[in-house]
Amino acid sequence: MSKYDFEIDLSLNTSTGIILNKIRDHSVVLEFGCATGRMTRYMQEKMNCRVYIVEYDREAYDTALQYAQDGVCGDIMDYSWVQRFGDIRFDAILFADVLEHLPDPVAVLKQAARLLKDSGTILASVPNITHNDILLKCCCERFDYTPTGILDDSHVRFWGLENLRELAEDCGLTLRFVEGTRCPTGYTEQFPEQLPRVGLLENILNERRCGEVYQFVFALDKDPAPGRVPVLPESRIQSHVYLDTGRDFNPEEVIGIVSELTENGYHARWETENYEDVKRVRFDPVELQGCILRSICLRQGGAEIPLICPEGHDLGDGLLLAGEDPLVYTDTLPGTGPITLEADILLPGQAYLKQLEEAIPCLLEEMERRHQKQAALYDEKCRAFQALQAEQELLRSEITRLGCRETELQEHILRLDEAIEEKEAYVSTLQSNITALNDELARCRVDIGAYITLANSKDLYAMELERRLNRYENNVVMKLVKRAAGILRKVVRKVKNRIKRGGSR
């Protein structure tokens, strides 16, 4: 079984689909490299064409011949087909993925042109050797052949777009048109896994007209009139619109937009008539890299809606979106009516760098304004910090003063305790002067009440200080204050108890 035997695909992003769409029904067709006859059968059964084939592989040839009028099994470069089909004039001669396998495709095309009707066309497809993936591999110092694809290990000839013009001239034919199939950068067989982000280099390569063209499909004929301008797929990126219908921006309410390359950058356009539930709109021009929005306009019912750009820098002639998640969004949608968004996006590349260079003075001014704002904020924070330090020093001084006062109180209590003990020793000798002693004791009670009040007042003050000092670092001192207050209360209770015992006597 040939490695080129696969199901036919008639979509317009395949070489077979493009070629078959160029052939008229009831045509007489010569097909080179037909493999097992997938195109042969389609042309014979669906288009009522008379198809003649040339195929090198015997097994594939025998399968395809059942759909053909006649055929030749052999090497195309032997030219036995020239004699076999010399009396037939063909409407179309096909070289679908064949010319790249031939050592001398010019000689083969010249011989094939002799079998064309005057109005006939040669239709061919060849891989694009200038695809971005090939160039990126070269930047990685690699040039890798693969079993199939652009660098199929059986390919001996390669072409870029301009080489096709030279090929037509060498054959004495006219290049009538060039179209192409497309494969995004990083998704060909050269990169079996998704290509890592290569930033600036990838964006520059994507600006090339043929950077993502996978195969060229072209037509050659005998008419000396110039061919039309080639129609090739433009480079494109994926943009996204997020809709907030009451659940904030979320991955379930996102719309993908294909933004195609134009002379002003990648152009994105989106519109919707279903506006009733939409409360906000967010636009992500590109993913995983920064960009410049050369222009952007969001309208609802004909009125322009202002957009918010959290990370934007005004360039004067555009908006620089830095970072890996560039976005703009609306705060609210105040009106009703259909919503339309249009934007021109510039990715990092030559034009991007040029615009940045022109905008450097504006950027420097904006950076200076931001710096001044940050400097003013820094000065304000410094002043607040200095005030906090001054308050902290006052609190530390108060703590020191309270510590000294605590020592004085303890010494006074000790002296009182000694006096009480002395009075207890001589109490038997003081009975005669009990009235005077009671008066003295009453005064002592007043004094002790004052001390108790003072101690309670200090407790409350210490609690207030502790509340204020919890924001600072000196919790150890406050614990000492609490402990001292506790000792003071115990001593006072002891004094009161002893006085009571003295009074009862």
Side-chain angles (χ1 to χ4, degrees), residues 132 136 184-187 191 193-207 212 235-262 264-272 278-299 305-333 339-356 359-360 362-363 366-367 369-371 373-374:
N132 285 346
L136 287 171
T185 303
Y187 288 89
F191 289 91
E193 298 180 357
Q194 186 175 3
L195 182 71
R197 305 303 302 187
V198 291
L200 179 61
L201 177 58
E202 182 180 342
N203 292 330
I204 292 174
L205 292 177
N206 281 338
E207 290 179 358
E212 295 190 339
S235 177
R236 60 189 69 183
I237 60 173
Q238 190 79 8
S239 302
H240 296 92
V241 172
Y242 289 81
L243 304 179
D244 177 7
T245 60
R247 297 187 298 160
D248 207 344
F249 298 121
N250 63 84
E252 297 178 2
E253 295 178 293
V254 57
I255 301 168
I257 304 173
V258 174
S259 302
E260 296 192 349
L261 184 63
T262 68
N264 291 323
Y266 291 90
H267 183 71
R269 190 178 192 281
W270 168 79
E271 61 181 342
T272 180
V278 179
K279 304 183 183 304
R280 296 189 302 161
V281 174
R282 181 181 118 191
F283 177 59
D284 289 22
V286 67
E287 303 297 340
L288 301 177
Q289 60 176 311
C291 68
I292 293 176
L293 282 179
R294 277 188 161 173
S295 66
I296 185 166
C297 180
L298 178 69
R299 293 183 176 275
I305 306 298
L307 292 166
I308 299 171
C309 180
E311 299 295 335
H313 302 272
D314 188 3
L315 302 181
D317 187 23
L319 192 64
L320 174 64
L321 302 183
E324 295 187 351
D325 188 23
L327 60 92
V328 294
Y329 64 92
T330 61
D331 192 11
T332 58
L333 289 176
I339 304 170
T340 303
L341 184 144
E342 286 195 76
D344 289 313
I345 307 156
L346 198 61
L347 297 188
Q350 293 177 344
Y352 178 98
L353 295 176
K354 181 180 179 182
Q355 185 159 347
L356 274 187
I360 283 177
C362 295
L363 286 176
E366 182 180 355
M367 289 175 64
R369 287 194 299 270
R370 291 191 178 187
H371 173 72
K373 184 177 180 180
Q374 291 294 328

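All residue numbers refer to positions in the sequence shown, counting from 1. For clarity, every value in this text was computed on a predicted model and none was experimentally measured.
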Which of these, E342, R294, E260, sits in a side chain to side chain donor-acceptor pair (under 3.5 Å) with H267? E342
Give a yes or no on whether the backbone of V281 and the side-chain of T330 come within a donor-acceptor separation of less than 3.5 Å. yes
Roughly how far, to the nearest 0.5 Å, is CD1 of I257 from CZ of R269? 10.5 Å
Those residues at least two apart in sequence (or on a different chain) that pass side-chain contact (heavy atoms from CB on, under 4.5 Å) with D331 are I308
Taking the side chain as every heavy atom from C-beta outward, state whether L293 and D344 have any atom pair closer than 4.5 Å. no
For Q374, the side-chain hydrogen bond (donor to acceptor under 3.5 Å, both in side chains) test, sequence neighbours excluded, returns none
Taking side-chain hydrogen bond (donor to acceptor under 3.5 Å, both in side chains) as the definition, give me every residue that meets it alongside R282, ordered by chain and number, with sequence neighbours left out. D284
Do you know which two heavy atoms are closest between S259 and Y266, and how far apart they sit? O-CD2, 3.3 Å
What heavy-atom pair brings P326 and V286 nearest, and what distance separates the two atoms? CG-O, 3.5 Å
With sequence neighbours left out, what residues match H240 under side-chain hydrogen bond (donor to acceptor under 3.5 Å, both in side chains)? E287
By side-chain hydrogen bond (donor to acceptor under 3.5 Å, both in side chains), which residues pair with R299, not counting sequence neighbours? none
For D248, what residues pass the salt bridge (Lys or Arg N to Asp or Glu O under 4.0 Å) criterion, not counting sequence neighbours? R280
Can you tell me how far apart CG (L327) and OG (S239) are? Round to the nearest 0.5 Å. 12.5 Å
I'd like to check I296 versus L319 (side-chain heavy atoms, cut-off strictly below 4.5 Å). Are they in contact? no
Taking all non-hydrogen atoms of both residues into account, name the closest pair between W270 and L243 and its distance. CH2-CD2, 3.8 Å
